[in-house]
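Worksheet: one structure, shown below.
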Amino acid sequence: MKILVPVKRAIDYNVKVRVKPDNTGVDLTNAKMSINPFCEIAVEEAVRLKEKGVATEIVAVSIGDKAVQEQLRTALALGADRAIQVDTDLALDSLQVAKLLQKVVEEEQPELIILGKQSIDSDNNQTGQMLAALTGMPQGTFASEVSVEDGTVSVTREIDGGLQTVKLTLPAVVTTDLRLNEPRYASLPNIMKAKRKPLDVKAAGDYGVSLESNVKVVKVTPPAQREGGVKVADVAELVDKLKNEAKVIS
Amino acid sequence: MSEQLIHPKEMTFQLYELLDTEALCSRARFAEHSRETFDAILDTANKIASEKFAPHNAKGDQNEPKFDGHKVTMLDEVKQAFDAYRESGFIAGRYDFDDGGMQLPETVINACSGYFLAANPSSTAYAFLTTAAANVICHFASDELKQQFMPRMLTGEFTGTMALTEPHAGSSLADIRTMATPQDDGTYRLKGSKIYISGGEHELSDNIVHLVLAKTPGAPEGVKGISLFIVPKYRLDENGQPGKRNDVSLAGLIHKMGYRGTTSTALSFGDNDDCHGYLIGERHHGLKYMFMMMNEARIGVGYGAAMIGYRGYRYALEYAKDRVQGRKPGSKEQVAIIEHGDVRRMLLAQKAYCEGGMALCFYGARLVDDLATIEDESQRSATRELLDLLTPVCKAWPSEYGPKANDLAIQVLGGAGYTREYPVEQYWRDNRLNPIHEGTNGIQALDLMTRKLWQANSLGLQTLKERIVTDMEQAQGEVSQRLRKALTAHLSRFEQLLPGIGKALNSEQLDPALANAQCVMNAFAHIVIGWMWMRQATVSEKALSAEDLNADDKHFYHGKVQAAQYYAAWELPTIERDFQLIESMDNACSAMQAEWF
């Protein structure tokens, strides 16, 4: 079974995010970039399926300029077999990404696609769902457990009310939640091996997908600064403030 | 409080800007590597150190390993951290591909180690000791012994120790009494006691491989009669697996002021006359073999001291930005304490000590790489001599000044720093070991004064001078030039004093000369660290002249330049006192009598 794992280059979760002074976006100058944590969980799940003998090949794919090769190398060091960079300088939104991935899926014909449920930079939580719709595949999102058997995949999903298990016929799309697994560290020997694994570069323009974005970024602002708290004299005052100032109870 | 163990730019600055580490990839030994690989490896080191080592640093201090008479137990986190480290392949990192290693440059390994040492020096020790012990086996043991022990040490299935000190013989190894009696089958039976053996007992690995210094019957007196043995905790069975328990037992755990997460042990060898040991190399060469490991360990100790100091510095820095106290004259607003001049002085001193020490240890690591890869024989011997000369400085200066930095970190935190609620007192206790072990700083000063300055017709010193002069030519910025001028004067003063030192060492006035060894170390080390700050200032001043520099980088380079200025203005001038003492060979210490105290 072949598994396709799309991975995204995103600002490292340890970095304190700064907004550009002109409010056009996040300041990425010098910021440490990493593989998006949910995508890392996706890679790990694929590697575990391969270690169990379920999967035979793992293909990692990322869309972006040359810099994304760094994250693809990380995916290779974590256990992916080969990688594809879909080369573009453009900042794409979820739909363009999903459309490009659809083309990669047509080429690669994977039986399972595992994606992170969202990326920690834009937090859209859309790409997996859009890809499922575009390819006509069934989807199991927010997975906390995945098991593959007899041409199906059972996905335990984390939903508001608890856990829901869905059984999908392969090929299928799965998106990962935080508790699916704890990704391994890229070991030194595997970092070395990753250098020799194949990494193909394909021009995004060659896929015949319109890369024009329908989404316009109007403004990016940092979250409001947290204001200092106040001490309340007693419970009555607290209740009063919650009711009349914060308006969180009635 | 500190989000990151190390400033995100510091390691790349040390590796790629101060030292052209990428250039190593053009040498045959490192041809498989590239900066991309190095960076990915550093990333793994940073992750494991931050996620598996740092979180239990304080907990390990509060929960020392315990011995119930049978077994040593410790926090589960130590094992988890050790496993993450070993499974990632760090123990074998520097070893040859043929030995299952990654053939990484020592410089890069050094950068990785920095994360672990800053995160948790106690839990790190088990792995570092294993790498070092495996190194001795790799170089000097027979192929058979090597095959039996080394591969599993490099994977961390076995761990290693070095067992030198005995209750009555610490610095004076010539006087050890542990005996190794040869048997007909070529093995030995050992009998004796060792103390302060770090990592001497634990359950982290399947076996513990002790490297034990001992004497054989009829061996020559003194250090020339010392041999080195492998003594495993479990003897290997016919399949090479750990089998019968060897007759080496834990007499007790030693309770230290710091480094509490690392077991320090008193070991008994041969209580039941059945302690099997295997000779490494030839008889009577043990100390020489051990010193090969010791020399690298000494650089490691200095580096560890710099990194523990650095961790405290970063903590104090965050605290000083956050803690609001006092007002500027004429203002009603309280300010963060970092706004006060004296707090900045203390922070700058910490920065100057730790980053100066770090730069020197990176330089030392680079010399190790050069020694492994340079083919030209005259260049090789110059490199070897320079490394030999700098080794006692790499050990002694950072381990003298790292704890001073931790002391200042406590001071920056004030009353909070003195409590156990904050981590800086632990850093100080941990770091206090470093001036003591792997040869006390007193021994390092003697080594420098009586041996290293003169060895091979002072080729090391000559090489050092040439390198400083070469670097001076690049020192064009304001602060770089200031250091360049000061160093030129100090170097020539030091050279003028050298014949006097030599004469004193060869005269009947040996005692006063030796009693001033500390001054020779201090003066010499201050020049060396001044050189390191000149190098850092040179690179930083040059970088600052670029136009498209972003704000973060600007701050970083300004910080380097300012710390270099601090070193030049506050630290380097203290060298005068040492010069005066060397010149006079003052006998205040040597002439003092025990009864007069």
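All heavy atoms count here, side chains included; hydrogens, waters and symmetry mates do not. Residue numbers start from 1 in every chain, and the chains themselves are labelled A, B, ... in the order their sequence lines are given, proteins ahead of strands.
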Any Lys/Arg nitrogen of [X] or [Y] sitting under 4.0 Å from an Asp/Glu carboxylate oxygen of the other?
| X | Y | value |
| --- | --- | --- |
| B:K351 | B:E355 | yes |
| B:K542 | B:E17 | no |
| B:E106 | B:R29 | no |
| B:E10 | B:K560 | yes |
| B:E36 | A:K195 | no |
| B:D369 | B:R27 | no |

- Against chain B, label A:R184 side chain, backbone, both or neither, depending on which of its atoms sit under 4.5 Å from a heavy atom there.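 Contact with chain B: none, neither part.
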- Message: With a sphere of 6.0 Å drawn around CD of B:E157, does it hold more than 12 non-hydrogen atoms of other residues, nucleotides or ligands?
- Response: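 Atom CD in B:E157 is packed in, count exceeds 12.
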- A:K32, NZ: over 12 other non-hydrogen atoms inside 6.0 angstrom: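 Yes, because the 6.0 Å sphere around NZ of A:K32 holds more than 12 heavy atoms from other groups.
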- With a 4.5 Å heavy-atom cut-off (strictly below), which parts of residues 545-557 of chain B touch chain A? List them by number.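 Counting heavy atoms that sit under 4.5 Å from chain A, the residues of residues 545-557 of chain B involved are B:N550, B:D552, B:D553.
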- Output the residues of residues 79-103 of chain B for which the shortest heavy-atom distance to chain A is under 4.5 Å, in residue-number order; output 'none' if no such residue exists.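 Near chain A, by residue number: B:A84, B:E87, B:S88, B:G89, B:F90, B:G93, B:F97, B:M102.
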- Task: Return yes if a side-chain donor-acceptor contact under 3.5 Å exists between B:E333 and B:S331, otherwise no.
- Result: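 Note: B:E333 and B:S331 side chains miss the donor-acceptor criterion.
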- Taking the six-membered ring for Trp, are B:Y310 and B:Y313 parallel (under 30°), tilted (30 to 60°) or perpendicular (over 60°)?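 Because their plane-to-plane angle is over 60°, the rings of B:Y310 and B:Y313 count as perpendicular.
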